[in-house]
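What you see below is based on every heavy atom in this structure, not just the backbone, and it leaves out hydrogens, waters and symmetry mates.
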Amino acid sequence: MGKVLVLALAGILAALLGERLMELRRKLNGSREVEPVELPNCHLIKGIERGSEDIDILPDGLAFISSGLKYPGLNSFAPDKPGEIFLMDLNDENPRAIELRISRGFDLASFNPHGISTYIDKDDSVYLFVVNHPEFKSTVEVFKFVEDENALVHLKTIRHELLSSLNDVVALGPDHFYATNDHYFSDSILMYLEMFLGLTWSNVVYYSPTEVKEVASGFYSANGINISPDKKYVYVADLLAHSIHVMEKHANWSLTQLKVLELDTLVDNLSVDPYTGDIWGGCHPNGMKLLFYDPENLPGSEVIRIQNIVSAKPTVTQVYAENGSVLEGSSVAAVHSGKLLIGTVFHRALYCKL
């Protein structure tokens, strides 16, 4: 009888393991291949060789690009080099990427930038918020941009127990923001166990100097976050659920879910066109290829544009797609005045004229 019980338990465990593996493969879109959707006027950006994970463009056309992300389990072409922030002026006929200097006193050696967001204050001061992973921890670094010197002055490092596994940030003022935690756990082994088990424990946190609180939860992997031009709605990409959540923002900074837009791709970072309100997403068509990197079977890239997301019938357009031969693992797409920047987790960056 004991042997029968052991066999039965082993069979149940094997069945559960098989079901979890199949479900993880489904969440990662492990069987998906994309048909190429080309843009005619594109070229790789010189000087960006090891990632451009997030991009934020000011209304005047200055684009900030985070580069050099090291993330547990993902590929890196330069694991021993610190991260960088690049600047591109999209008003130039042939814009180039310039590395911004960062003020003394900031620990550049452990700089590991992830999601970024800009904020323009009433006096036209520009603040750059950067999710940072020094020694694979999570902080938000706040910088002030000094345009005349192509420099960032470090103002503060923000740490909090609720900001435990940060992915992205959207600035709301000089010292407050929303941020996504893409996992409940910060330990890399527990993070992947959480993903394997399909737990919906990731969340969105509001931070200010006087109040820190969870404002949305129940995500498989809360990833990119951004806000509508009128500041009424917050958009949250749930990477493993292939969806974007539209959240209504309230006066006390709490969020309530208005709707969920289901997609067929893994949406990473979200950019919002300040003039049209359109949402641009950098996406991973097949997350298995991203997670299990194989130079013979490269992770592809995909860009989508979403118009009128709050309406009953949003329009979703696939703007760009390819199999990784040009751009591996697209994570963000941002537009300004007919120009498109496409960034990646660990590869290069693409500049296109639409």
Side-chain angles (χ1 to χ4, degrees), residues 23 26-29 54 56 114-117 131 162-172 176-184 194-195 198-207 212-274 276-285 287 302-318 330-334:
E23 179 63 11
R26 185 193 68 79
K27 284 189 171 70
L28 290 171
N29 264 358
D54 202 6
D56 201 9
H114 202 162
I116 62 175
S117 179
V131 170
L162 291 183
L163 305 173
S164 57
S165 182
L166 292 174
N167 186 295
D168 198 15
V169 60
V170 58
L172 305 167
H176 61 293
F177 54 83
Y178 291 120
T180 55
N181 286 305
D182 54 16
H183 294 84
Y184 176 81
E194 179 184 340
M195 184 173 69
L199 303 177
T200 55
W201 289 0
S202 76
N203 65 0
V204 178
V205 171
Y206 167 74
Y207 176 91
V212 186
K213 62 182 180 180
E214 178 184 83
V215 290
S217 60
F219 304 97
Y220 285 109
S221 182
N223 202 291
I225 186 169
N226 219 312
I227 194 166
S228 62
D230 61 10
K231 313 302 181 189
K232 291 182 179 180
Y233 305 104
V234 171
Y235 310 124
V236 181
D238 191 337
L239 184 84
L240 294 177
H242 314 161
S243 63
I244 297 175
H245 293 246
V246 180
M247 319 291 290
E248 188 173 3
K249 181 174 72 69
H250 302 289
N252 65 352
W253 306 104
S254 65
L255 302 175
T256 55
Q257 183 167 287
L258 188 65
K259 64 182 295 186
V260 180
L261 179 65
E262 304 288 348
L263 300 160
D264 63 351
T265 189
L266 282 73
V267 191
D268 200 321
N269 287 307
L270 303 174
S271 299
V272 178
D273 187 321
T276 65
D278 296 349
I279 300 170
W280 291 74
C283 307
H284 305 289
E302 186 174 18
V303 171
I304 60 172
R305 177 189 184 187
I306 304 161
Q307 297 167 282
N308 304 313
I309 192 170
V310 180
S311 70
K313 293 184 177 181
T315 301
V316 180
T317 305
Q318 187 187 45
S330 58
S331 56
V332 63

Participant: Tell me which pairs pass ring pair (Phe, Tyr, Trp, His ring centres under 6.0 Å) where either residue lies in residues 214-244, with sequence neighbours left out.
Facilitator: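 Those involving residues 214-244 are F219-H245.
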Participant: Under a plain distance cut-off of 3.5 Å, with no hydrogens placed, do N223 and S221 share a side-chain donor-acceptor pair?
Facilitator: no
Participant: Does some side-chain heavy atom of T180 sit less than 4.5 Å from a side-chain heavy atom of S202?
Facilitator: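 They are not in side-chain contact.
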Participant: Using the salt bridge (Lys or Arg N to Asp or Glu O under 4.0 Å) criterion, which residues pair with D264? Sequence neighbours excluded.
Facilitator: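 Expected list: R32.
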Participant: Give a yes or no on this: more than 12 heavy atoms of other residues, nucleotides or ligands lie within 6.0 Å of atom NZ of K213.
Facilitator: yes
Participant: Please give me the minimum heavy-atom distance between V236 and A222, naming the atom from each residue.
Facilitator: CG1-CB, 4.2 Å
Participant: Indicate the atoms forming the closest heavy-atom contact of A216 with M247, along with that distance.
Facilitator: CB-CE, 3.6 Å
Participant: Please identify each residue that fulfils salt bridge (Lys or Arg N to Asp or Glu O under 4.0 Å) with K259, with sequence neighbours left out.
Facilitator: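 None.
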Participant: Is there a donor-acceptor pair under 3.5 Å between the side chain of N29 and the backbone N or O of G287?
Facilitator: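 No; judged by distance alone, with no hydrogens or angles, the pair does not exist.
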Participant: Output a table of donor-acceptor pairs, distance under 3.5 Å, between side-chain atoms of residues 162-171 and any protein atom two or more places apart or on a different chain; print 'none' if there are none.
Facilitator:
from : atom 1 : to   : atom 2 : distance (Å)
S165 : OG     : D182 : OD1    : 2.9
N167 : ND2    : D182 : OD2    : 2.9
D168 : OD2    : I225 : N      : 3.0

Participant: As an exercise, state the distance from CZ of R305 to OG1 of T276, rounded to the nearest 0.5 Å.
Facilitator: 6.0 Å
Participant: Check S271 against A333 and note the closest heavy-atom contact, atom names and distance.
Facilitator: OG-O, 3.0 Å
Participant: So, do V205 and V212 sit near enough that their side-chain heavy atoms are less than 4.5 Å apart?
Facilitator: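 Contact flag for V205/V212 side chains = yes.
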Participant: Enter the distance from I309:CD1 to L270:CG here, rounded to the nearest 0.5 Å.
Facilitator: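 CG of L270 is found 8.0 Å from CD1 of I309.
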Participant: Got a second to check how far T256's OG1 is from E248's CD, nearest 0.5 Å?
Facilitator: 5.0 Å
Participant: Drop me the distance from S330's OG to D268's CG, to the nearest 0.5 angstrom.
Facilitator: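 Rounded to the nearest 0.5 Å, the OG-CG separation comes to 8.0 Å.
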Participant: Does any part of the side chain of S243, heavy atoms only, come nearer than 4.5 Å to the side chain of L261, both counted from C-beta?
Facilitator: no
Participant: Is the shortest heavy-atom distance from the side chain of V215 to the side chain of K249 under 4.5 Å?
Facilitator: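 In short, these two side chains do not touch, never coming nearer than 4.5 Å.
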Participant: Check side-chain hydrogen bond (donor to acceptor under 3.5 Å, both in side chains) between D54 and all other residues, then give those that pass, not counting sequence neighbours.
Facilitator: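 For D54, no residue satisfies side-chain hydrogen bond (donor to acceptor under 3.5 Å, both in side chains) once neighbours in sequence are set aside.
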Participant: Can you tell me how far apart NZ (K231) and CG (L172) are? Round to the nearest 0.5 Å.
Facilitator: 8.0 Å
Participant: Angle between ring planes, Y184 versus W201, binned at 30° and 60°: parallel, tilted or perpendicular?
Facilitator: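 Y184 vs W201 ring planes: perpendicular.
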Participant: In Å and rounded to the nearest 0.5 Å, what is the CG to OH distance from N226 to Y178?
Facilitator: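 Going from CG on N226 over to OH on Y178, the span is 12.5 Å.
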Participant: Ignoring hydrogens, what is the shortest heavy-atom contact between A241 and E262? Give both atom names and the distance.
Facilitator: O-OE1, 3.8 Å
Participant: Should the ring pair H176 and Y206 be called parallel, tilted or perpendicular, given that the plane angle runs from 0 to 90° and is split at 30 and 60?
Facilitator: perpendicular
Participant: Can you list the steps and then say if L28 with L240 is a side-chain contact (heavy atoms from CB on, under 4.5 Å)?
Facilitator: CA-CA 7 Å; L28 290 171; L240 294 177; 3.8 Å; yes
Participant: For E23, which residues count as a salt bridge (Lys or Arg N to Asp or Glu O under 4.0 Å) partner, sequence neighbours excluded?
Facilitator: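 With sequence neighbours excluded, E23 shows a salt bridge (Lys or Arg N to Asp or Glu O under 4.0 Å) to R26, K27, given in chain and number order.
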